[in-house]
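One structure is given here, and the rest of the page talks about it.
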Amino acid sequence: MRPIYLGVNIDHVATVRNARGTDYPDPVTAAAVAELAGADSITTHLREDRRHITDRDVRIIRETIKTALNLEMSVNDDILAIAVALAPHKACLVPERREEITTEGGLNVVAEESRIKAAVDKLSAVGTACSLFIDPEREQVEAAQRTGAPFVEFHTGRYANAKSEQDKARELGKLSQMAALADSLGLGVNSGHGLNYQNVAQVAAIPQMHELNIGHSIIGRAIFTGLDEAVRTMKEIMLRARAQASLKD
Ligand code: PXP
């Protein structure tokens, strides 16, 4: 049985802080609590408009983290320069549009291969392991491999937003097939976006899934149960799903 890891995205702790312009709740504290509860890495998106996570947040988290910092970032020159100086353990390259509420789709690696490869090369040179956030599509997986990035992260939004059981099964099938393809090409496979306590088990059961990056549902639950419980419960569901799936093999 392959292990499965949980990356906790703490951006929305910063969203609450920034809504009032206060210095609390602090995402730095959230990172520490999430780690103590079993998070395997801490994921943050330093957006170009700094709507939640700030430069100060990523700098302190990078200095104090005990697990690994996974920096979500666009392939913008300014952000890339910050990332290269920060040298996070991992970076997930994502498309970014100012008007979007959250990341809406995967990168078009096929169309932007050379620009993305250049960013992967710069980050790899400082020891950062890159993943490319893509939709689970064959052409994108193959292009991702050509960039030399060691990981892909599949956008699970279409699976999470599927309205009917039929659509959900179809999207899950794509994730499963593309995970197998990526794995066969030597890529590590992560996933994220829209995963929650009700829909995560099926994704965690896909044997090639290495790490799931989950934010909104965990921080939303933490309002009622505390962050410790919210992280522990998510991780338990993932580990149980992986163990049960491996018994069926
Ligand atoms: N992975 C990536 C690349 C993302 O952009 C996001 C959203 O910031 C997530 C994972 C987490 O998504 P969610 O907050 O819906 O769990």
Side-chain angles (χ1 to χ4, degrees), residues 4-16 18 27 30-31 34 39-54 57-58 61 68-76 79 83 88 90-109 116 119-120 123 128-136 140 144 149 151-162 171 175 179 188-204 209-223 227 230-231 233-235 237-238:
I4 182 149
Y5 298 105
L6 171 62
V8 175
N9 184 316
I10 54 162
D11 292 348
H12 294 305
V13 175
T15 304
V16 174
N18 297 2
D40 299 294
S41 56
I42 299 298
T43 296
T44 60
H45 188 171
L46 186 69
R47 293 188 74 102
E48 291 163 22
D49 62 11
R50 307 297 197 273
R51 67 174 68 155
H52 37 54
I53 290 293
T54 65
D57 299 334
V58 287
I61 291 169
L69 170 61
N70 175 32
L71 186 71
E72 288 177 8
M73 51 178 282
S74 67
V75 194
N76 155 302
I79 297 285
K90 310 185 247 188
C92 180
L93 306 187
V94 301
E96 195 173 307
R97 286 195 311 115
R98 294 266 164 143
E99 322 81 70
E100 68 193 1
I101 294 176
T102 182
T103 317
E104 281 170 354
L107 281 172
N108 190 345
V109 190
I116 291 169
V120 170
L123 287 160
T128 297
C130 289
S131 65
L132 305 186
F133 190 51
I134 57 172
D135 291 318
Q140 298 296 344
F151 288 90
V152 286
E153 177 167 325
F154 287 139
H155 193 311
T156 45
R158 271 192 250 150
Y159 162 73
N161 294 331
E171 295 304 328
L175 286 166
V189 186
N190 302 332
S191 279
H193 207 95
L195 295 178
N196 60 37
Y197 295 83
Q198 286 73 42
N199 67 18
V200 74
Q202 291 95 322
V203 178
M209 287 297 168
H210 175 74
E211 181 167 83
L212 303 182
N213 286 302
I214 308 177
H216 196 261
S217 62
I218 292 179
I219 303 305
R221 183 180 176 105
I223 293 170
L227 187 55
V231 172
T233 301
M234 182 60 83
K235 196 161 169 188
I237 295 171
M238 287 167 48

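Each ligand, and each atom within it, is numbered from 1 in the order the structure gives.
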Checklist entry - Among all protein non-hydrogen atoms, which one is nearest to atom 16 (O) of ligand 1, and what is the separation to 0.1 Å? => result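 In this structure, atom 16 (O) of ligand 1 has Gly215 N, 2.8 Å as its nearest protein heavy atom.
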Checklist entry - Among protein heavy atoms, which lies nearest atom 7 (C) of ligand 1, and at what distance? => result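 Sorting protein heavy atoms by distance from atom 7 (C) of ligand 1 puts His193 ND1, 3.8 Å first.
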Next on the checklist: Just to be sure I'm reading this right: ignoring hydrogens, which of Gly194, Gly220, Gly157 gets closest to atom 15 (O) of ligand 1? Compare them by their nearest heavy atoms.
Outcome noted: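 It is Gly194 that holds the nearest heavy atom.
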Checklist entry - Any idea which of Arg47, His216, Glu72 brings a heavy atom closest to atom 2 (C) of ligand 1? => result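 It is Glu72 whose heavy atom sits nearest to atom 2 (C) of ligand 1.
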Find all atoms of ligand 1 within a distance of less than 4.0 Å from any non-hydrogen atom belonging to [X], and give their numbers and elements.
{"X": "Asn213", "answer": "10 (C), 11 (C)"}
{"X": "Ile214", "answer": "16 (O)"}
{"X": "Glu153", "answer": "1 (N), 2 (C), 3 (C), 10 (C)"}
{"X": "Val94", "answer": "3 (C)"}

Checklist entry - In Å and rounded to the nearest 0.5 Å, what is the CD1 to CD1 distance from Ile218 to Ile223? => result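 Reported value, rounded in 0.5 Å steps: 13.0 Å.
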Next on the checklist: Considering both backbone and side-chain atoms of Phe133, is one of its nitrogen or oxygen atoms within less than 3.5 Å of a nitrogen or oxygen in ligand 1?
Outcome noted: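 No, Phe133 has no N/O under 3.5 Å of an N/O on ligand 1.
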Checklist entry - Salt bridge check: are Asp40 and Lys235 linked by an N-O gap of less than 4.0 Å? => result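 Result for this pair is yes, salt bridge flagged.
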Next on the checklist: What I want to find out is whether Glu211 reaches Lys90 closely enough, with some N-O distance under 4.0 Å, to be called a salt bridge.
Outcome noted: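 Salt bridge between Glu211 and Lys90, a charged N being under 4.0 Å from a carboxylate O: yes.
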Checklist entry - What class does the angle between the rings of His193 and Phe133 fall in, given that below 30° is parallel, 30 to 60° is tilted and above 60° is perpendicular? => result tilted
Item to check | Aromatic plane relationship, Phe151 with His210 - under 30° parallel, 30 to 60° tilted, over 60° perpendicular | outcome: tilted
Checklist entry - Is there a side-chain contact between Val120 and Ile116, using heavy atoms and a 4.5 Å cut-off? => result yes
Checklist entry - Does any non-hydrogen side-chain atom of Ile214 lie less than 4.5 Å from one of Thr43? => result no
